[in-house]
Amino acid sequence: MVIAIDGPAASGKGTLARRLAAHYGLPHLDTGLLYRAVGARCLALGRLADEAASVEAARALDVTTLDPEALRTAELGEAASVVAARDGVRAALLDLQRRFAARPGGAVLDGRDIGTVICPDAPAKLFVTARPEVRADRRFRELAGRGEAVTYEAVLADIRKRDARDQGRSSAPLAMADDAILLDTSELGIEEAFAAALAVVEARRRGL
Ligand code: CDP
């Protein structure tokens, strides 16, 4: 079974995706890492503003070398959102995501356009969200815990800017699929959110 999980930055979708993948014994792809890696490559080349360079970086991406720890910085979240708005970058990353989803037995993918573009036929789709202030608080703790010099205010501003860019772009904007179930985790702890997500997936497994 393919489980598609979308939502805005720091909504908790990654944690839920990992937990669901472990529960069902399915492989998991955090598609944000792909865009972060492309952004990282462009920044390293000093060519973030260069569309052709970002498309080239996306085509050359080697998914076996992705380093989640190095990629989950605030700077690369912003760079990812810049390159992710470009059609050519998204097109270059489409096949590898679809191949991952087509693995025998299924897979869990999380991102912004999994339920709408990458896996529109996924039987189980979740759209995970939370209030911006709650998401900023979670992301601030995560980044500060990793030793990044950030402030809550800066993280909140970054989240608002990224939300606007991800929702407003013309290429595969962040949007909830018509057949996705909305899960607002603002008032939920990890265990409660996981229980709610599991209930959604189990209902879909039973064809409800
Ligand atoms: O963890 P967080 O939600 O902050 O970010 P992420 O999931 O790693 O994604 C970083 C950026 O990549 C997002 O702000 C999107 O612009 C972009 N992205 C996308 O466009 N499509 C995806 N399927 C995944 C990420």
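Order of listing sets the numbers, starting from 1, for every ligand and every atom in it. Just so it is clear, the structure is predicted and the values come from calculations on it, not from any experiment.
For atom 3 (O) of ligand 1, the closest heavy atom belonging to the protein is Lys13 NZ, 2.8 Å. If you check which protein heavy atom lies closest to atom 10 (C) of ligand 1, you get Arg162 NH1, 3.4 Å. The shortest contact between atom 16 (O) of ligand 1 and any protein heavy atom is with Asp166 OD1, 2.6 Å. Arg36 NE, 2.6 Å is the protein heavy atom nearest to atom 8 (O) of ligand 1. Atom 24 (C) of ligand 1 has its closest protein heavy atom at Thr31 OG1, 3.4 Å.
Salt-bridge check for Arg72 with Glu142: failed, with every basic side-chain N at 4.0 Å or more from each acidic carboxylate O. Salt-bridge check for Glu133 with Arg160: passed, with a basic side-chain N closer than 4.0 Å to an acidic carboxylate O. The residues Arg36 and Asp30 are annotated as not salt-bridged, no charged nitrogen and carboxylate oxygen being separated by less than 4.0 angstrom.
Considering Arg112, Lys161, Arg86 only, the shortest heavy-atom separation from atom 7 (O) of ligand 1 involves Arg112. Nearest to atom 25 (C) of ligand 1 by heavy-atom distance, out of Ala74, Ala84, Gly32, is Gly32.
The cationic atom of Arg103 (NZ for Lys, CZ for Arg) lies less than 6.0 Å from the six-membered ring centre of Phe100 and within 45° of the ring axis.
In terms of polar-atom proximity, defined here as any N/O pair under 3.5 Å, Arg90 does make such a contact with ligand 1.
Of the heavy atoms in Ala10, only backbone atoms (N, CA, C, O) come closer than 4.0 Å to ligand 1.
In this structure, Arg139 is part of the shell of residues with a heavy atom less than 4.0 angstrom from ligand 1. Arg72 does not count as a contact of ligand 1, since none of its heavy atoms falls under 4.0 Å from the ligand.
Around atom CZ of Arg138, more than 12 heavy atoms belonging to other residues, nucleotides or ligands sit under 6.0 Å away.
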